[in-house]
*Asks:* 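Structure below; questions to follow.
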Amino acid sequence: MYGSLFPRDVLAELSRLQSEVQRAFDISPSIRGLGRGGFPAVNVGATPETLELYVFAPGLDPATVEVNLDRGALSIAGSRKTELPAPEQKASVHINERFQGKFRRVVSLPDDADPNGVSATYRDGILHIQVKRREQSQPRRITIQ
Amino acid sequence: MSQSNAVTNQDARGDVTDRNAIQLTPPVDVVEDNTGITLYADMPGVPKDQLNLNVEGDVLSIEGTVSIAMPKAMQSSHAEVNSSHYRRVFTLSKELDPSKISAEFAQGVLKLRIPKADHAQPRRIEVRAN
């Protein structure tokens with residue numbers, strides 16, 4: 001009876017709609033769906049010598065995060081445990097928005113990424129992955145004789 | 001205050017204009033038990049000294065500014081986080097005691113404990129049958 005008055009989850013429905021619209025208008029989405037809204041969020045930048053990835057993944061134990069580079073695809077995997085109380089405890093959860101569980105994101109790197117030059121540091125909840133670019137692809141000034 | 005290393009590579013700007021810029025809403029978990037409320041908020045990239053917690057009357061505000069060291073020559077090619085400022089505001093209910101809030105902040109996760117005031121602690125009410 002109440003189902004018709006209160007559609008199951010208006011917000012979820014709206015966000016689904018929004019992501020569909022976003023997908024429709026994305027001109028060239030990556031095949032791995034590097035989209036918005038997933039966990040963890042990733043910002044990517046580049047300098048002439050390096051590629052810089054900033055993975056926004058707070059509250060992780062760095063020892064449990066796996067960063068792999070395999071044939072040009074960099075994958076970041078791990079899991080985040082919940083802080084929510086077990087159901088048998090006398091506590092009520094009012095808001096539950098934070099991500100919990102396993103995650104895995106894959107970013108394809110450009111061809112000049114050097115698989116031997118990857119370093120990762122974790123600080124303030126951000127995983128910073130630096131990938132060196134191969135020498136020959138760096139801009140070089142050619143002297144005119 | 002100049003911040004050349006903000007996450008979005010914005011130019012150094014004053015504090016006042018920053019406040020009007022796009023703000024990130026940190027996702028939170030809120031759990032209530034018998035003695036109080038625990039709030040967890042995800043604010044990755046915020047160092048401890050850039051975190052700002054404020055209680056004014058019954059309004060709790062959580063703010064933080066992302067500070068990441070980035071190479072000067074870096075050009076952003078893909079950004080899912082488009083702002084460097086987190087802000088979220090909650091209204092506390094009157095049975096909570098804002099003077100006893102305690103906070104922990106580690107690896108981008110804020111944990112706030114807001115105990116209930118003494119007079120609001122649960123007590124069992126005896127039901128008597130005549």
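It should be emphasised that the depicted structure is a prediction, and the values quoted were computed from it without experimental measurement. All chains are named by letter (A, B, ...) in the order of the sequence lines, taking the proteins before the strands, and each is independently numbered beginning at 1.
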*Asks:* Indicate, with yes or no, if B:Leu110 and B:Val31 share a hydrophobic cluster defined by side-chain heavy-atom contacts under 4.5 Å among Ile, Leu, Val, Met, Phe, Trp and Tyr.
*Replies:* no
*Asks:* For each of A:His128, A:Glu83, A:Glu52, A:Arg123, tally heavy-atom pairs with chain B at distances under 4.5 Å, and name the one with the top tally.
*Replies:* A:Glu83
*Asks:* Below 4.5 Å, heavy-atom pairs only: which of A:Pro40, A:Ser92, A:Ala91, A:Ala57 has the largest tally toward chain B?
*Replies:* A:Ser92
*Asks:* To the closest 0.5 Å, what do you measure between CD (B:Gln107) and CG (A:Leu60)?
*Replies:* 8.5 Å
*Asks:* Could you check whether any side-chain heavy atom of A:Pro58 comes within less than 4.5 Å of a side-chain heavy atom of B:Met43, counting everything from C-beta outward?
*Replies:*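 No. Closest side-chain heavy atoms not under 4.5 Å.
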*Asks:* To the nearest 0.5 Å, what is the distance between OH (B:Tyr40) and OG1 (A:Thr82)?
*Replies:*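 The OH atom of B:Tyr40 sits 8.5 Å away from the OG1 atom of A:Thr82.
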*Asks:* Look at atom CZ of B:Arg113 and say whether more than 12 heavy atoms of other residues, nucleotides or ligands are closer to it than 6.0 Å.
*Replies:* yes
*Asks:* Nearest 0.5 angstrom please: A:Asn43 CG to B:Ser77 OG, how far?
*Replies:*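 Reported to 0.5 Å precision, the distance equals 9.0 Å.
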*Asks:* Does atom CD (B:Glu95) have a neighbourhood of more than 12 heavy atoms from anything else shown, all under 6.0 Å?
*Replies:*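 Correct, the count exceeds 12.
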*Asks:* So, B:Glu32 and A:Lys90, do they make that salt bridge, N to O below 4.0 Å?
*Replies:*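 Not counted as a salt bridge, because no side-chain N and carboxylate O are separated by less than 4.0 Å.
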*Asks:* As a quick check of understanding, evaluate side chain to side chain contact (heavy atoms under 4.5 Å, CB included) for B:Val109 and A:Arg80, giving each step before the final call.
*Replies:* CA-CA 12 Å; B:Val109 178; A:Arg80 197 157 93 133; 4.2 Å; yes
*Asks:* Heavy-atom pairs under 4.5 Å with chain A are the metric here; pick the option from B:Thr38, B:Asp33, B:Asp29 that has the most.
*Replies:* B:Asp29
*Asks:* Return the NE2 to CG distance between A:His94 and B:Leu39, rounded to the nearest 0.5 Å.
*Replies:*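 Rounded to the nearest 0.5 Å, the NE2-CG separation comes to 11.0 Å.
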*Asks:* Tell me, out of B:Lys48, B:Arg88, B:Lys111, who's got the most heavy-atom pairs with chain A below 4.5 Å.
*Replies:*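 Looking at each of B:Lys48, B:Arg88, B:Lys111 in turn, B:Arg88 comes out on top.
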*Asks:* Assess whether atom CG of A:Asp111 is packed by more than 12 heavy atoms of other residues, nucleotides or ligands within 6.0 Å.
*Replies:*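 Incorrect, the count does not exceed 12.
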*Asks:* Determine, step by step, whether A:Tyr54 and B:Val66 satisfy the side chain to side chain contact (heavy atoms under 4.5 Å, CB included) criterion, reporting the C-alpha distance in whole Å, the side-chain angles of both residues, the deciding distance to 0.1 Å, and the verdict.
*Replies:* CA-CA 12 Å; A:Tyr54 298 90; B:Val66 175; over 6 Å; no
*Asks:* Pair B:Val30, A:Val93 - check side chain to side chain contact (heavy atoms under 4.5 Å, CB included), show working.
*Replies:* CA-CA 6 Å; B:Val30 175; A:Val93 177; over 6 Å; no
*Asks:* Determine, stepwise, if the pair A:Phe56 / B:Glu80 fulfils side chain to side chain contact (heavy atoms under 4.5 Å, CB included).
*Replies:* CA-CA 10 Å; A:Phe56 291 72; B:Glu80 288 165 21; over 6 Å; no
*Asks:* Hydrophobic clustering (ILVMFWY, side-chain heavy atoms < 4.5 Å, transitive) - are B:Ile101 and B:Leu51 grouped together?
*Replies:*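 Looking at the clustering, B:Ile101 is in the same group as B:Leu51.
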*Asks:* At a heavy-atom separation under 4.5 Å, does B:Val28 approach chain A through its side chain, its backbone, both, or neither?
*Replies:*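 Both parts, backbone and side chain.
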*Asks:* Most heavy-atom pairs under 4.5 angstrom with chain A, which of B:Gly45, B:Ala106, B:Pro26?
*Replies:*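 Winner by heavy-atom pair count: B:Gly45.
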*Asks:* Should A:Leu84 and A:Phe99 be counted in the same cluster of Ile, Leu, Val, Met, Phe, Trp and Tyr side chains packed under 4.5 Å apart?
*Replies:* no
